[in-house]
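Have a look at the structure below, then the notes.
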Amino acid sequence: MNSEIKKTKMVPLPSQSIIPERDIAQKPILEVSRLGINFGGLAAVEDFNIAVGPTEICGIIGPNGAGKTTIFNLLTKVYQPTSGAILLDGQDTSNMNTVQINQAGIARTFQNIRLFPSLSVEDNVKIGLHNQIGYNMVSGIFRLPAFFSGERRARKRVMELLDIFDMTHLASHRAGSLPYGAQRRLELIRALATNPKLLLLDEPAAGMNPSETEELMSNIEKIRDSFQIAIMLIEHDMRLVMGICEGIAVINYGKIIAKGTPEEIQKNPLVIEAYLGKKKGKIHVKRDRDPGLLQ
Amino acid sequence: MRGLRLRSNIDNLLTYGLVIVAYIVMRLLIAGGNISSALQGQLVPITAYIVMAVSLNLTVGVLGELSLGHAGFMSVGAFSGVITATLLTDTIPTTWLRLALAMLVGSLIAAIFGFLIGIPVLRLQGDYLAIVTLAFGEIIKNVMNTIYLGYDKNGIRISMESANALKLDEGGKVILNGPMGAIGITKLSSFNAGFVLILITLFIVLNLINSKSGRAIKAVRDDKIAAESVGISVWRYRMMAFVTSATLAGAAGALYALNYTTVVARKFDFNTSILILVFVVLGGMGNIRGSIIAATVLTVLPEVLRAFNEVRMLVYAIILILVMLVRNNVTLRQLFQKIGIKRRNSLANNKEGDDA
Ligand SMILES: Nc1ncnc2c1ncn2[C@@H]1O[C@H](COP(=O)(O)OP(=O)(O)O)[C@@H](O)[C@H]1O
Ligand SMILES: [Mg+2]
């Protein structure tokens with residue numbers, strides 16, 4: 001597989017950037033070239049190319065089953081790509097596994113929320129901080145000073161992070177007992193806790209009402225601004241996508257069919273035909289719950 | 001705000017408290033001569049089973065992986081502990097020190113076996129651990145049945161044939177005698193030693209659970225994919241829980257074996273593994289105090305039921321079934337909660353009410 005990756009990197013790449021003006025002077029945080037995967041001979045994702053700026057918010061849209069979640073699973077090595085290369089902050093990720101990808105700077109949420117349901121909200125976020133808490137198993141068992149200072153600092157950070165979504169009062173609740181919207185927010189906070197350079201959000205507004213979505217939009221922008229990170233999101237809610245994304249990639253049948261700014265995407269005839277529906281102007285996609293395991 | 005944390009601290013103190021109070025009560029009863037000799041004979045085995053149950057709970061309840069060969073680690077710890085204690089008889093005359101060293105060696109050997117099993121198995125998805133630990137328990141039992149080991153002035157001898165094949169000198173001594181097991185053991189274990197081992201076990205297990213590593217272990221139990229996505233190595237924390245569990249079982253094995261003059265490998269068979277699993281399941285997955293209570297009650301019960309002689313296993317089975325029914329019956333659980341056993345959930349429930 002490695003030799004294949006090296007080979008494909010030699011091939012001249014098609015233009016792939018959707019980096020906004022603001023980030024153009026800087027190196028992209030994520031460069032993906034010719035990424036692809038087959039499931040039983042069927043290409044779920046094919047020739048996927050993209051570059052994302054270090055503080056960009058970019059969107060991936062496309063009909064259900066288009067391969068959007070699969071792209072996230074490839075970026076985080078839940079699936080091993082059958083072809084292509086992924087550079088994170090200029091670093092080749094072909095030999096990394098899911099854990100190393102997170103440590104290198106990619107964090108994500110899942111389409112069908114994946115929390116640690118039996119643990120408290122506080123512990124869920126602390127698990128996100130795991131690799132930044134500086135004490136080991138021995139200090140933990142023997143309650144050495146490193147344990148207390150590590151836990152104290154972790155707890156302080158947890159509260160700061162929970163405060164982004166006004167969730168500090170829920171800290172001691174079981175994550176599994178939270179209402180749906182709060183679970184989504186907690187999952188996002190947990191991802192943020194790992195201190196990522198790139199945050200992947202898989203349908204973050206799913207199941208939210210318009211006012212919750214509105215709040216989420218401003219929070220996503222707030223996160224980008226205060227943490228100075230890139231955010232890549234999959235969404236069906238066009239108001240959210242068109243409202244906060246600086247670059248959008250549209251995919252259908254595993255392939256990118258259009259890339260550009262929200263204005264360009266809205267005008268693109270290919271997109272209108274394949275995805276946005278024949279009805280002019282009105283943009284609406286029905287969301288369904290995918291049955292897949294790794295959504 | 002600090003509800004769950006405070007509750008887990010109180011929970012831990014209660015667990016230590018229970019063990020200490022039970023120990024003091026038993027000591028008083030023994031001093032007063034109020035304990036049957038049969039029950040006195042059970043004291044060390046009970047402490048060993050408590051350590052077994054608590055350590056297995058780390059794998060089954062906290063990590064969420066099924067192990068069907070926990071007695072295998074007890075066996076490894078038992079025989080290596082006996083060998084250590086016997087070899088050190090002249091070097092270290094102090095009884096408690098020899099026992100401590102025997103338990104230390106027993107736990108280290110069990111840890112090594114746990115690690116070796118973990119290397120291939122804990123990387124796999126699925127219930128392979130159950131199958132492999134089951135096989136491990138059976139293999140250890142059969143291997144121990146064929147080992148002859150003794151020592152004399154010239155050192156240690158091992159044979160797979162017979163005790164005579166060891167060709168020991170005049171002053172030589174056989175330690176492992178094949179199917180006869182470990183023989184001529186000097187009894188080193190005591191109720192006090194068992195009590196200390198329980199406290200050490202609780203210290204290790206409870207502090208581990210309530211630390212960064214324990215959180216990672218529980219994260220792996222709740223959702224492996226999510227755990228990896230936040231940078232937690234599933235393999236590493238499975239290994240940590242499983243090896244810690246095996247280590248403590250090894251110490252329990254040494255404690256158990258050094259309570260008798262002979263010990264056979266059959267003692268640590270599949271039935272024993274299942275018995276310990278029953279302690280864990282009845283006591284509650286992840287509930288350390290529950291494991292302690294279940295191990296104690298279910299070890300004492302057959303003794304108490306001796307009065308019923310013929311039907312005692314029947315009564316034992318009925319009690320087991322009743323406990324399981326009660327634990328899983330929603331109506332009964334609600335009833336218990338009404339009459340004040342609701343501490344466990346009250347805090348969270350109240351707060352949920354506020355949010356709704
Ligand atoms: N593990 C898998 N095995 C086989 N097919 C898969 C797997 N994961 C995803 N697919 C297929 O890949 C396609 C894209 O799925 P997905 O990425 O989940 O779509 P979406 O764009 O809705 O997120 C679907 O046809 C799906 O059935
Ligand atoms: Mg999807």
Side-chain angles (χ1 to χ4, degrees), chain A residues 76-78 97-104 106-110 113-124 126-131 133 135-137 139-143 147 150-151 154-155 159 168-179 182 187 190-191 193-194 200 293-294, chain B residues 1-8 61-62 64 123 125 200-237 239-241 243-244 285-286 344-345 347-356:
Chain A
T76 55
K77 296 299 178 77
V78 172
N97 61 27
T98 307
V99 172
Q100 291 160 334
I101 286 284
N102 176 260
Q103 287 164 356
I106 301 184
R108 72 176 289 189
T109 64
F110 296 84
I113 310 173
R114 282 177 172 273
L115 290 170
F116 307 118
S118 73
L119 305 184
S120 70
V121 167
E122 179 180 341
D123 279 355
N124 268 267
K126 271 189 186 163
I127 289 163
L129 293 170
H130 186 86
N131 290 316
I133 302 179
Y135 71 86
N136 56 21
M137 180 194 182
S139 316
I141 289 178
F142 291 99
R143 300 277 134 129
F147 165 82
E151 286 294 311
R155 190 178 156 73
M159 290 306 161
T168 47
H169 64 291
L170 298 172
S172 70
H173 283 229
R174 270 186 71 241
S177 73
L178 294 180
E187 201 194 19
R190 183 186 67 190
T194 65
L200 309 178
L293 259 176
L294 297 170
Chain B
M1 176 172 279
R2 44 169 52 127
L4 276 178
R5 265 191 342 149
L6 194 65
R7 230 182 314 146
S8 90
V62 183
R123 284 193 189 277
Q125 301 280 344
I200 292 172
T201 302
L202 286 180
F203 183 82
I204 291 173
V205 171
L206 292 177
N207 284 354
L208 180 68
I209 293 177
N210 296 298
S211 75
K212 169 189 165 185
S213 315
R215 271 197 306 268
I217 292 168
K218 288 182 269 189
V220 168
R221 171 193 66 194
D222 274 16
D223 195 322
K224 290 176 185 55
I225 289 163
E228 286 190 329
S229 85
V230 292
I232 290 187
S233 159
V234 167
W235 182 75
R236 184 183 163 161
Y237 287 98
M239 189 64 113
M240 187 183 282
V243 171
T244 307
M285 295 288 191
R344 187 165 287 276
N345 288 320
L347 245 156
N349 285 345
N350 289 344
K351 284 199 179 160
E352 268 157 39
D354 292 344
D355 289 335

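Both backbone and side-chain heavy atoms feed into the values below; hydrogens, waters and symmetry mates do not.
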Mind ranking [options] by heavy-atom pairs under 4.5 Å with chain B and telling me who comes out on top?
options: A:Glu187, A:Arg190, A:Arg143; answer: A:Arg143
options: A:Asn136, A:Asn102, A:Leu129, A:Thr76; answer: A:Asn102
options: A:Gly176, A:Gly128, A:Ser118; answer: A:Ser118
options: A:Ala104, A:Gly140, A:Ala191; answer: A:Gly140
options: A:Ala107, A:Ser139, A:Pro117, A:Ala182; answer: A:Pro117

State whether B:Tyr237 and B:Arg221 meet the cation-pi test: NZ (Lys) or CZ (Arg) under 6.0 Å from the six-membered ring centroid, and within 45° of the perpendicular axis.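 Here B:Arg221 fails the 6.0 Å and 45° test against B:Tyr237.
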
Tell me, for A:Ile101 versus chain B, whether the close heavy atoms (under 4.5 Å) come from the side chain, the backbone, both or neither.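 When you check distances to chain B, no heavy atom of A:Ile101 falls under 4.5 Å.
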
So, A:Arg155 and A:Glu122, do they make that salt bridge, N to O below 4.0 Å?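 Judged by the 4.0 Å cut-off on N to carboxylate O distance, A:Arg155 and A:Glu122 do form a salt bridge.
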
Parallel, tilted or perpendicular, judged at 30° and 60°: which one describes the rings of A:Tyr135 and A:Phe147?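 Rings of A:Tyr135 and A:Phe147: perpendicular, as their planes differ by over 60°.
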
Which pairs pass side-chain hydrogen bond (donor to acceptor under 3.5 Å, both in side chains) with one or both residues in residues 200-218 of chain B, sequence neighbours excluded?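 Found A:Glu151-B:Arg215.
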
So which atom in B:Ile232 and which in A:Val99 form the shortest heavy-atom distance, rounded to 0.1 Å? O-CG2, 3.5 Å

If we define contacts as heavy-atom pairs under 4.5 Å, which of B:Ile209, B:Asp223, B:Thr244 has the most with chain A?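 Maximum pair count with chain A is reached by B:Asp223.
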
Under the side-chain contact (heavy atoms from CB on, under 4.5 Å) test, which residues partner A:Thr98, sequence neighbours left out?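 Result, side-chain contact (heavy atoms from CB on, under 4.5 Å) vs A:Thr98: A:Lys77, A:Val78, B:Glu228.
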
